[in-house]
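Report on the structure given below.
Atom set for the values below is all heavy atoms of this structure, side chains included, hydrogens, waters and symmetry mates excluded.
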Amino acid sequence: EESEPELRATYSASEYADKFVKGSSNVLRQLLDFEKRMGQEQKVRIVIVEPSQASGAKANYRNDGNHILYITKGKNNKGVLTAQELAHELIHAHTVQAMDNPSPQMKETVERLDNLRKQITASPELLRLMGLDIGELNLFKEGVKVFKRVASGTSLDALTEAERQAYDFVIQEENQKRYYGLYNTKEFVAEAMSNPQFQQGLNNIKLNKNETFLDRVVAYFSQMLSD
């Protein structure tokens, strides 16, 4: 078993998971099974790149028609994702195309997902049920914008005090686990399906007597994969 992937090497998702990912999760196993049933051209390829090639992110799936998940390897990072991180990225890989260019049927599913997310982000009460705070959510959203500027070359010294505060908030892993799923619809789906902490929060919100927000997101996600 290799301990870390080679720079510029290409792996299939199952090969990468078998060789480098410690532990597993139900959703990762389901996604890898889903991949095995696909034709070769629909399978995700994983390519290991230098950090400068993935806009500052640890992993980056681009909807550019190549169906490649870029994972970075640099001095602070050995190119190894956790089971949860790999599941998150594979969810993007199998839903981003459908969300960016939806069929009429898929468009409705995506809109319903986004309505669920917007209900939460607009309501201090629903956020409280998830253990979240509307002021912190707004700080996080601002921080993502600042982070993208820094990743594109803006110096930290050029940031205002408020921007630096937002940036420092967003780079804390604990804050990412709590708030990233509310940033946009794509992250909402990926985090709802892969992040246990975010799932627990969604499970705390009842849609009706028999169904929580998490139940509804899971149902919509299943529709997206089967369409």
Side-chain angles (χ1 to χ4, degrees), residues 11-18 20-39 41-47 54-55 57-72 79-103 105-118 120 130 144 173 176-203 212-227:
Y11 303 91
S12 71
S14 325
E15 192 184 1
Y16 179 90
D18 290 344
F20 311 115
V21 176
K22 308 235 181 321
S24 188
S25 70
N26 280 338
V27 73
L28 180 58
R29 281 193 292 274
Q30 287 167 346
L31 287 159
L32 293 173
D33 285 346
F34 178 67
E35 278 254 322
K36 281 177 188 151
R37 298 196 297 272
M38 292 182 145
E41 71 291 343
Q42 294 169 298
K43 290 183 177 173
V44 178
R45 284 178 300 144
I46 291 176
V47 178
S55 64
K58 194 171 177 183
N60 183 312
Y61 179 82
R62 296 172 211 155
N63 184 18
D64 56 8
N66 294 320
H67 213 26
I68 294 174
L69 167 59
Y70 298 93
I71 295 176
T72 61
V80 177
L81 299 187
T82 64
Q84 185 177 320
E85 288 167 339
L86 181 57
H88 178 106
E89 296 302 333
L90 288 176
I91 290 163
H92 280 318
H94 290 299
T95 56
V96 162
Q97 170 65 26
M99 290 171 97
D100 281 346
N101 310 297
S103 64
Q105 192 180 351
M106 183 69 75
K107 194 168 186 218
E108 199 175 315
T109 304
V110 173
E111 279 168 5
R112 286 174 173 171
L113 275 164
D114 202 38
N115 285 338
L116 287 178
R117 182 186 70 87
K118 284 175 176 165
I120 299 169
M130 290 184 73
V144 174
E173 198 171 332
Q176 291 174 17
K177 283 181 180 165
R178 294 172 71 214
Y179 287 103
Y180 200 31
L182 296 173
Y183 183 66
N184 60 30
T185 324
K186 290 172 188 169
E187 298 306 339
F188 186 61
V189 174
E191 287 289 274
M193 298 309 303
S194 67
N195 174 351
Q197 191 172 339
F198 195 68
Q199 289 169 337
Q200 184 56 59
L202 290 175
N203 227 10
T212 68
F213 267 54
L214 181 62
D215 296 327
R216 187 66 63 90
V217 176
V218 170
Y220 289 152
F221 177 68
S222 303
Q223 276 176 24
M224 289 176 87
L225 290 190
S226 61
D227 275 3

Roughly how far, to the nearest 0.5 Å, is CG of Asp64 from CD of Gln97?
10.0 Å

Note, Phe34 side chain near Leu225 side chain (heavy atom, < 4.5 Å):
yes

Less than 4.5 Å apart, side chain to side chain, heavy atoms only: is that true for Val47 and Ile71?
no

Look up atom CD in Gln30 and atom OG in Ser222, then write down how far apart they are to the nearest 0.5 Å.
8.5 Å

Distance-minimising heavy-atom pair for Gln84 and Pro196
OE1-CD, 3.4 Å

So, Tyr180 versus Phe198, ring centres under 6.0 angstrom or not?
no

Start with the C-alpha gap between Tyr183 and Phe188, add the side-chain angles, then the distance that decides, and say whether side chain to side chain contact (heavy atoms under 4.5 Å, CB included) holds.
CA-CA 7 Å; Tyr183 183 66; Phe188 186 61; over 6 Å; no

Can you name the residues that form a salt bridge (Lys or Arg N to Asp or Glu O under 4.0 Å) with Arg112, not counting sequence neighbours?
Glu108

Report yes if some heavy atom in the side chain of Val110 is under 4.5 Å from a heavy atom in the side chain of Tyr220; otherwise report no.
no

Is the shortest heavy-atom distance from the side chain of Thr72 to the side chain of Asn60 under 4.5 Å?
no

Can any side-chain N or O of Asn195 pair as donor or acceptor with the backbone N or O of Lys177 at less than 3.5 Å?
yes

Quick check: closest heavy atoms across Ala98 and Met106, and the distance to 0.1 Å?
O-CG, 3.6 Å

Measure the spacing between CG of Asn26 and OG of Ser194 and express it to the nearest 0.5 Å.
12.5 Å

Residue set satisfying salt bridge (Lys or Arg N to Asp or Glu O under 4.0 Å) with Asp100, at least two apart, ordered chain then number -> Lys186

Keeping the roles fixed (side chain from Glu15, backbone from Ser12), state whether a donor-acceptor pair exists under 3.5 Å.
yes

Partners of His94 by side chain to side chain donor-acceptor pair (under 3.5 Å), sequence neighbours excluded?
Glu35

For the residue pair Thr109 and Gln223, confirm or rule out a side-chain donor-acceptor distance under 3.5 Å.
yes

Measuring from atom NE2 of His88 to atom CG of Leu81, what distance do you get when rounded to the nearest 0.5 angstrom?
10.5 Å

Heavy-atom pair with the smallest gap, counting every atom of Ala59 and Leu69:
CB-CD1, 4.2 Å

Quick check: do Tyr61 and Ile68 have side-chain heavy atoms less than 4.5 Å from each other?
no

I'd like to know if the side chain of Gln42 pairs up with that of His67 as donor and acceptor (distance under 3.5 Å, no hydrogens or angles considered).
no

Using the side chain to side chain donor-acceptor pair (under 3.5 Å) criterion, which residues pair with Arg45? Sequence neighbours excluded.
none

The reported gap from CD in Gln197 to CE in Met130 (rounded to nearest 0.5 angstrom) is 9.5 Å

Partner set under salt bridge (Lys or Arg N to Asp or Glu O under 4.0 Å) for Lys36, not counting sequence neighbours
none

Does any part of the side chain of Leu182, heavy atoms only, come nearer than 4.5 Å to the side chain of Arg117, both counted from C-beta?
yes

May I have the step-by-step check of side chain to side chain contact (heavy atoms under 4.5 Å, CB included) for Leu28 and Leu90, ending in yes or no?
CA-CA 8 Å; Leu28 180 58; Leu90 288 176; 3.9 Å; yes

Would Val189 and Ile91 count as a side chain to side chain contact (heavy atoms under 4.5 Å, CB included) if you check the C-alpha gap in whole Å, the side-chain angles of each, and the deciding distance to 0.1 Å?
CA-CA 8 Å; Val189 174; Ile91 290 163; 4.0 Å; yes

Do Leu86 and Ile46 make a side-chain contact, defined as non-hydrogen atoms from C-beta onward lying under 4.5 Å apart?
yes

Identify the heavy atoms of Val80 and Glu85 that sit nearest to each other, and give their distance.
O-OE1, 4.4 Å

Side chain to side chain donor-acceptor pair (under 3.5 Å) filter on Lys118, not counting sequence neighbours, yields Asp114

Between Phe213 and Asn203, does the side chain to side chain contact (heavy atoms under 4.5 Å, CB included) criterion hold? Intermediate values first, please.
CA-CA 6 Å; Phe213 267 54; Asn203 227 10; over 6 Å; no

Testing the basics here: between Ala83 and Ser25, what is the closest heavy-atom pair and its distance to 0.1 Å?
CB-N, 4.2 Å

What are the two closest non-hydrogen atoms of Leu32 and Ala17, and how far apart are they?
CD1-CB, 3.8 Å

Indicate yes or no: at least one non-hydrogen side-chain atom of Leu116 is less than 4.5 angstrom from one of Val217.
yes

